Amino acid sequence: MFRFQHINDLQFLWVIPLVLLLYFFLIRMKKESLRKFGDTEIIARLMPNVSSGKRWLKLFLLLTGFASLILGLANPQIGSKLEKGERKGVDIIIALDVSNSMLSEDIKPNRLEQARQSISRMIDRLDNDRIGIIVFAGKAYPMLPITHDHVAAKMFLSNINTDIVPTQGTSIADAIDLALKSFPEGEYGKALVVITDGEDHEGEVIDKVKEAVSKGIVIHAIGMGSPQGSPIPLFVGANKVGFRKSKDGQTIITRLNESILQQIANEGQGIYVRATNSQAGLQRIYEEIQKMKKTEFNNQVFSDYDSRYYYFLMLALILLVVEQLITERSSRWFKRIKFLLPLLILFAPSIVFSQSESSHIRDGNRLYDKEKYQDSEIAYRKAIEKNQRSLRGNYNLGNSLYRQENYEEAANSYLHASVQKADDKSLAKTYHNFGNALLKSQKLPESIDAYKKSLRLDPTDEDTRYNLAYAMKMLEQQQKQEQNKGDDNNQKQDNKDNQKDDKKQQEKQDQQDKQQNQSEQQPQDAQQARQLSKQEAERMLQALKDQEQKTLEKVKQDRLKGQRVIISKDW
């Protein structure tokens with residue numbers, strides 16, 4: 001993490017353009033004075049030792065030295081120690097429709113682009129809130145896990161388009177279901193913002209909304225488009241060639257379905273806003289979200305900073321001394337090297353001041369090999385500051401966080417690495433480790449998807465193949481446990497109903513007993529006692545069977561866990 005301790009001192013940098021303007025003014029005045037003595041070309045021949053190149057070099061050294069002095073006074077600092085901190089905020093997930101109908105241009109420039117721009121503006125306003133992104137069409141996919149990294153959120157947002165989801169359609173229910181799985185457990189503010197044109201083709205939306213509300217999630221809806229509708233543009237490359245047509249040759253018109261979105265917002269205890277050409281409604285929803293209960297998040301922050309002012313002050317001293325030593329008289333050595341001046345101007349600051357991305361990664365690798373994972377994390381973060389799209393930096397940062405058992409942040413780093421350009425082998429390893437981090441976070445469906453992506457890139461990786469089978473087995477067991485839990489609940493309800501029926505029968509029998517004589521009552525009581533004893537025995541037998549089944553499943557699961565160790569691939 002980089003910062004200036006005295007950032008207000010940077011305001012003195014405005015003096016540099018002022019000095020530059022003053023210099024040009026003095027040169028012009030000097031030329032005007034020389035013209036008074038005669039022809040400038042003749043005067044130049046009379047002063048052969050005057051070097052205009054040296055004059056510009058002296059100016060460059062003077063201005064660069066002055067800028068270095070100001071930067072040194074501002075005291076640039078680099079974070080050197082990470083500590084756990086706490087932030088108060090709300091978890092927000094944006095579910096963005098990326099179906100082809102979102103390319104309709106009834107909202108300018110189109111529905112999807114207007115939504116992306118509005119989301120970007122909302123991210124700029126977020127303070128301590130965490131944000132995640134889901135994209136959906138015929139099926140929903142996680143784009144960005146919930147994170148404090150707002151810069152990463154904007155980077156992933158810029159890559160969203162209608163080609164990112166292979167299955168077309170609009171399944172709002174699937175998006176809500178994925179959001180339910182994406183929110184961490186806990187009692188705190190959770191908001192889901194669904195941005196779509198409302199043309200849901202899958203159904204079961206309201207049931208998912210009610211399930212979300214039962215888990216404390218507030219759902220807001222934004223309608224993109226107009227009720228009158230608009231055709232869907234058809235593109236070949238970047239060129240618009242017409243509009244999409246149905247099988248019978250009719251132009252497809254996509255219309256905003258406000259009724260379903262209003263129903264989602266009402267059932268989800270949120271608000272519905274219809275987007276316009278001027279704004280997409282996120283401003284109102286953001287204000288509603290800020291009224292929600294905020295919770296404390298654990299977060300890693302830099303608590304100690306190393307000062308770097310002395311580098312800049314030293315450079316300023318050297319440049320100003322050299323500037324004084326150089327005269328404006330022409331010399332042979334300067335004529336030989338003056339063509340290097342443009343290169344010096346372009347590359348000198350980066351050579352002097354910056355440590356390269358690769359050197360930070362090498363430092364991080366050296367610390368990682370010594371199992372100093374927290375220190376290696378700092379080095380990798382410095383590399384990412386140099387290049388946010390660094391594949392090696394994000395990948396190795398994920399490994400370091402994984403070793404510290406910070407699996408959610410590790411998954412986020414692997415996700416950053418997975419969207420960068422690289423060869424198949426490198427991306428396969430990235431998706432492998434991404435799957436491991438998701439598996440450790442108990443996000444089994446997402447981990448299975450990551451392992452599958454890894455195997456598509458490298459089908460020969462046996463470790464990934466094993467981990468995929470392991471994750472699928474875990475998911476199957478989890479589903480069985482949930483099913484058994486549901487069956488147990490049903491059994492308990494049946495038992496309660498049976499007990500009620502037994503009680504009613506008992507009351508009815510008591511009334512009959514009062515009407516019978518004493519001789520007939522005694523054998524009837526004995527019969528009831530035998531009947532109750534039989535029911536109780538059946539319940540005990542069923543309970544023993546259920547307990548035995550759970551014990552067998554637990555033993556099988558423990559055996560499966562002990563077969564092999566999940567392998568994390570280092571770069």
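Just so it is clear, the structure is predicted and the values come from calculations on it, not from any experiment.
Within the 6.0 Å centre-distance limit, the rings of Tyr407 and Tyr402 are counted as a close aromatic pair.
By the 4.5 Å heavy-atom criterion applied to side chains, Thr254 and Asp197 are counted as neighbours. Ser182 places a side-chain heavy atom less than 4.5 Å from the side chain of Ile134. Side-chain contact between Ile289 and His220: present, with at least one pair of heavy atoms (C-beta onward) separated by less than 4.5 Å. Contact annotation: the side chain of Ile232 never approaches that of Leu234 to less than 4.5 Å [non-hydrogen atoms, C-beta and beyond]. In this structure the side chain of Phe312 never reaches within 4.5 angstrom of the side chain of Ile70, judged on heavy atoms. Residues Thr170 and Phe136 have side chains in contact (heavy-atom distance under 4.5 Å, counting atoms from C-beta outward). Within the 4.5 Å cutoff, the side chain of Ile219 has heavy atoms near those of the Ile176 side chain. Counting heavy atoms from C-beta on, the side chains of Leu178 and Ile93 never come closer than 4.5 Å.
Of the inter-residue distances, the one linking Thr430 atom OG1 with Tyr395 atom OH reads 5.5 Å to the nearest 0.5 angstrom. Rounding to the nearest 0.5 angstrom, the gap separating the CD1 atom in Ile195 from the CG atom in Asp97 is 10.0 Å. A distance of 6.5 Å separates CG in Leu468 from CD1 in Ile448, rounded to the nearest 0.5 Å. In this structure, CD on Gln117 lies 10.0 Å from CG on Leu112, to the nearest 0.5 angstrom. Asn365 CG to Asn399 CG: the interatomic distance, rounded to the nearest 0.5 Å, is 9.5 Å. One finds the OH atom of Tyr431 at 7.0 Å from the CG atom of Leu457 (value rounded to the nearest 0.5 Å).
In this model, no donor atom of one side chain and acceptor atom of the other lie less than 3.5 Å apart for Asn467 and Thr464. Between Ser400 and Arg403, the side chains place no donor N or O within less than 3.5 Å of an acceptor N or O (distance only, hydrogens not considered). At a cut-off of 3.5 Å, with distance as the only test, a side-chain donor of Glu287 or Gln283 sits close to an acceptor on the other residue. For the residue pair Arg111/Ser101, the side-chain donor-acceptor check at 3.5 Å is not satisfied. In this model, a donor atom of one side chain and an acceptor atom of the other lie less than 3.5 Å apart for Thr147 and Asn412. If you check the side chains of Ser454 and His432, you find no donor sitting under 3.5 Å from an acceptor. Donor-acceptor pairing under 3.5 Å is lacking for the side chains of Gln404 and Gln374. There is no side-chain donor-acceptor pair under 3.5 Å between Glu377 and Asn406.
For the pair Leu261 and Ile222, the tightest heavy-atom approach, listed with the atom from each and the gap, is CD1-O, 4.1 Å. A pairwise comparison of heavy atoms in Glu267 and Val213 identifies O-CG2, 3.2 Å as the closest pair. Across Lys190 and Val90, no two heavy atoms sit closer than the pair N-CG1, 4.3 Å. Scanning all heavy atoms of the two residues, the minimum distance from Pro184 to Ile146 falls at CD-CD1, 3.7 Å. Thr162 and Ser99 get closest at one heavy-atom pair: CG2-O, 3.7 Å. Heavy atoms only, all atoms of each residue included: Val165 and Val135 are closest at CG2-CG2, 3.9 Å.
Salt bridge status for Arg465 with Asp461: absent, with no side-chain N to carboxylate O gap under 4.0 Å. Electrostatic pairing of Asp124 and Lys154 counts as a salt bridge here, judged by a charged N lying under 4.0 Å from a carboxylate O. Between Arg116 and Glu113 there is a salt bridge, since a side-chain N of the basic residue sits under 4.0 Å from a carboxylate O of the acidic one. Salt bridge Asp174/Lys139: absent, no basic N to carboxylate O contact under 4.0 Å. A salt bridge between Asp449 and Lys452 is absent, with no side-chain N of the basic residue lying under 4.0 Å from a carboxylate O of the acidic one. Ionic pairing of Glu476 and Lys480 is present here: one or more N-O contacts between side-chain nitrogen and carboxylate oxygen are shorter than 4.0 angstrom. Note on Arg130 versus Asp91: salt bridge recorded, some NZ/NE/NH1/NH2 to OD/OE distance being below 4.0 Å.
His150 contributes a side-chain N or O that, together with a main-chain N or O of Asp129, makes up a donor-acceptor pair within less than 3.5 Å. A side-chain donor-acceptor contact under 3.5 Å links Asn161 to the backbone of Ile164. In this structure, the side chain of Asn394 engages the main chain of Ser390 through a donor-acceptor pair within 3.5 Å. Listed for the Tyr451 side chain is a donor-acceptor partner under 3.5 Å among the backbone atoms of Asn436.
Below 30°, between 30° and 60°, or above 60°: for Phe156 and His416 the angle between ring planes is between 30° and 60°, a tilted geometry. Ring planes of Tyr368 and Tyr380: tilted class, angle from 30 to 60°.
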Item to check | Verdict with reasoning, Met224 to Gln114, per side chain to side chain contact (heavy atoms under 4.5 Å, CB included) | outcome: CA-CA 9 Å; Met224 304 298 298; Gln114 176 69 272; 4.1 Å; yes
Next on the checklist: Would Ile271 and Arg284 count as a side chain to side chain contact (heavy atoms under 4.5 Å, CB included) here? Give the steps.
Outcome noted: CA-CA 9 Å; Ile271 64 171; Arg284 281 186 56 194; 4.1 Å; yes
Checklist entry - Given Lys443 and Lys181, is the side chain to side chain contact (heavy atoms under 4.5 Å, CB included) satisfied, shown in steps? => result CA-CA 8 Å; Lys443 297 179 179 179; Lys181 300 173 183 176; over 6 Å; no
Next on the checklist: The test is salt bridge (charged side-chain N to carboxylate O under 4.0 Å, His left out); show your working for Glu211 and Lys215 and say whether it passes.
Outcome noted: CA-CA 7 Å; Glu211 183 181 353; Lys215 296 183 178 181; 3.8 Å; yes
Checklist entry - What's the verdict on side chain to side chain contact (heavy atoms under 4.5 Å, CB included) for Leu126 and Ile92, showing C-alpha distance, side-chain angles and the deciding distance? => result CA-CA 10 Å; Leu126 296 180; Ile92 306 168; 3.9 Å; yes
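A 6.0 Å sphere centred on CE of Met292 holds more than 12 heavy atoms belonging to other residues, nucleotides or ligands.
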